Amino acid sequence: MSILGDAQEQQSLVRHGVDVGAICDCLTSFVMMMDWCCDNGDNGDNGGAASSSPSLSSLLRKFGYSWQHEVISDIISNLMIVLSMMALNEPLCVQMCRHDCRSCEQKRNTNNGDTMNGTAKKNENDHRGQLCQIVTRVLSLANVDDIDGSGENRPTSQMLEACLALLWNIALCESTRQLASEHCDERVMSVLVAMTRKSANDKLRSRASHVIQILSTVESTQQYLTSDIPSLVQCVTMSSSSSGGDIKTGDILHAVGTIWNIATSAESRQEISNCGGARALVSLVKKLLTGGASESHTSQQSDTLQLMYKVTGALTAVTLSNSICGELGELGCIDLLFQVLESKSLKQDLSISENTLSVLSNLAVDERNRELMRTMDRVKLLVSYLDLPKGQSSEDDQTLKLAERASNVLTSMSVEVSGGELIRQAGGIEKMVQLLKAQDATNGATNREESTREQCEEGGGAGEGGRGGSGDARGSQPRAVPHVGLVRRR
């Protein structure tokens, strides 16, 4: 199975037309069999299969088969692992998620003749495969109150680990993420949240966290996570306190990453603010600057960079709200953000600088915040990001992004005459002209793609206090980018 993680082997599977459906059907059969074996099949919930299940159920119970049976656990887990590795290849992932079992296929085929009416055709076109249903079915059987507990009606930890790995890779594929989200109902999301909070199994905690963060980028899933905002904010708050050493880095990353993604809605931002989320994020930035960023140990430095990346990302999302922008200014957030830009240890990750400049761009919509930014040293620092390497190429895309983010901040600051004068004195006008020339010289298709992406991202701020509108003199628009960048499970 390990070779399936190799890209060449995945492409080979595609070329040779591997029967992904057969593997999906095999997994479906075993999961349904265990449903019947336990008390889930006797109530008729399995689409007509329950009528024949009592005899099968009795037979399986007689021989001691249950979710906890070692052979059953190994078979289901290994099938899910195989599928999770195959899901690393997007065409295979799409194929397995759109596949439906043979019996469903036969039923549809009977409608392909003269009896095929408009409704039947619509149902056929809208048909979704059963793999996501099976995966979420297994997850839904976990005991929320005793997440690591065992029982003949509960899947083993081995199954749940494999199940999360498969769901992780399905959700990471952009073509199937929405489908995965649609099958993760309130029950499934409550199980995932319970795993991140209560499980002593590090693999379950980590994988459930990643799945939640990915799915939280989908609007239909965010509704199930709103109630978890107080707990997420509390985790961030405790992590920045003097006793925060007891909280695992993974838990903090989960909390901040989830806040980042669910803060795309106005309701969630308001709830985050009500729970003290703005203060908690600022406190975490301060702690990372005063403590974590100076650590020399490689793993600690890596944790600091990951945390700073996500906390600045979360700030880009929450600053889509006018009220939170004002609050952050009062909390000293602007001073801290400029310290982030000046930090040598943090500059090695350009994504952190990009997030930080985006937060400052959003904060600059507030007049009081612009006043805090209007010093020569800070304007010079922002102008320094307008410098582009000679012979700008596609490899310098992130440098160009940094220049664009800095120019957004400066554009907002130039609304006041005093701000414009500081920019002129710092040489900002000449460098902005050079930036425009560099952008004009780049490939036109790249520019059009970036323009389209920016418009989509900025749409999240429209309708709230006029932040997304174009009727005022503000040069930059508030923006927040959902975070999905996680390594796929192999």
Side-chain angles (χ1 to χ4, degrees), residues 278-279 281-282 285-286 289 312 315-343 346-347 352-388 399-440 454 457-458 461-462 464-480:
R279 181 178 294 276
L281 292 172
V282 171
V285 171
K286 184 175 183 180
L289 282 169
T312 51
L315 286 169
T316 65
V318 299
T319 49
L320 292 175
S321 294
N322 284 325
S323 58
I324 295 181
C325 282
E327 181 182 359
L328 288 173
E330 295 173 359
L331 290 171
C333 183
I334 292 174
D335 291 341
L336 296 175
L337 292 173
F338 276 98
Q339 289 179 42
V340 171
L341 293 178
E342 293 169 347
S343 170
L346 296 176
K347 278 185 177 180
I352 294 176
S353 298
E354 183 182 347
N355 282 347
T356 304
L357 290 168
S358 294
V359 181
L360 287 170
S361 177
N362 289 350
L363 291 174
V365 174
D366 185 277
E367 182 179 355
R368 292 169 297 177
N369 290 338
R370 291 198 298 274
E371 184 178 349
L372 294 172
M373 299 179 194
R374 280 199 303 269
T375 68
M376 180 54 73
D377 288 341
R378 291 179 175 180
V379 171
K380 283 184 177 180
L381 179 58
L382 293 171
V383 168
S384 69
Y385 282 95
L386 301 180
D387 289 322
L388 294 177
T399 304
L400 183 58
K401 287 181 181 178
L402 291 177
E404 291 172 347
R405 304 296 183 264
S407 67
N408 286 340
V409 183
L410 293 169
T411 302
S412 291
M413 293 178 66
S414 65
V415 170
E416 287 86 16
V417 175
S418 57
E421 179 61 22
L422 285 175
I423 295 171
R424 185 192 65 78
Q425 293 176 14
I429 296 176
E430 293 84 353
K431 291 186 178 181
M432 282 192 177
V433 171
Q434 294 173 8
L435 177 61
L436 289 172
K437 289 180 178 179
Q439 288 178 308
D440 189 51
E454 291 260 2
E457 291 168 355
E458 292 170 3
E464 183 187 343
R467 288 180 63 80
S470 58
D472 56 25
R474 300 166 183 170
S476 59
Q477 301 293 327
R479 54 197 311 280

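Basis for what follows: all heavy atoms, side chains included, without hydrogens, waters or symmetry-related copies. Just so it is clear, the model here is predicted, and its values are computed rather than measured.
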How long is the span from the [atom1] atom in [X] to the [atom2] atom in [Y], to the nearest 0.5 Å?
X	Y	atom1	atom2	result
Arg405	Leu400	CZ	CG	9.0 Å
Lys347	Ile352	NZ	CD1	12.5 Å
Glu367	Cys325	CD	SG	14.0 Å
Arg279	Leu281	CZ	CG	12.0 Å
Thr312	Asn355	OG1	CG	4.0 Å
Leu357	Asn408	CG	CG	9.0 Å

What heavy-atom pair brings [X] and [Y] nearest, and what distance separates the two atoms?
X	Y	result
Thr399	Asp387	CG2-O, 4.2 Å
Ala364	Met373	N-CE, 3.8 Å
Val282	Cys333	CG2-CB, 3.9 Å
Ala406	Leu382	CB-O, 3.5 Å

- Show your working on side chain to side chain contact (heavy atoms under 4.5 Å, CB included) between Leu410 and Leu386 and close with a plain yes or no. CA-CA 10 Å; Leu410 293 169; Leu386 301 180; 3.9 Å; yes
- Message: In the structure I gave you, are the side-chain heavy atoms of Asp377 and Phe338 within less than 4.5 Å of one another anywhere?
- Response: no
- Query: Is there side-chain contact between Leu328 and Asp366, with heavy atoms separated by less than 4.5 Å?
  - Reply: no
- By salt bridge (charged side-chain N to carboxylate O under 4.0 Å, His left out) - contacts of Arg374 (at least two apart): Glu416
- Query: For Lys286, what residues pass the salt bridge (charged side-chain N to carboxylate O under 4.0 Å, His left out) criterion, not counting sequence neighbours?
  - Reply: none
- Before giving the answer on side chain to side chain contact (heavy atoms under 4.5 Å, CB included), spell out for Leu346 and Leu289 the whole-Å C-alpha distance, their side-chain angles and the decisive distance to 0.1 Å. CA-CA 9 Å; Leu346 296 176; Leu289 282 169; 3.9 Å; yes
Using a 3.5 Å distance criterion without hydrogens, assess whether the side chain of [X] forms a donor-acceptor pair with backbone atoms of [Y].
X	Y	value
Asn362	Thr316	yes
Ser343	Val340	no
Arg378	Leu372	yes
Arg370	Met413	no
Thr411	Ser407	yes

- Check against side chain to side chain contact (heavy atoms under 4.5 Å, CB included), Tyr385 and Leu341: CA-CA 10 Å; Tyr385 282 95; Leu341 293 178; 3.5 Å; yes
- When you look at CD of Glu371, are more than 12 heavy atoms from neighbouring residues, nucleotides or ligands closer to it than 6.0 Å? no
- Note on the structure: For Glu421, the side-chain contact (heavy atoms from CB on, under 4.5 Å) test, sequence neighbours excluded, returns Arg424, Gln425
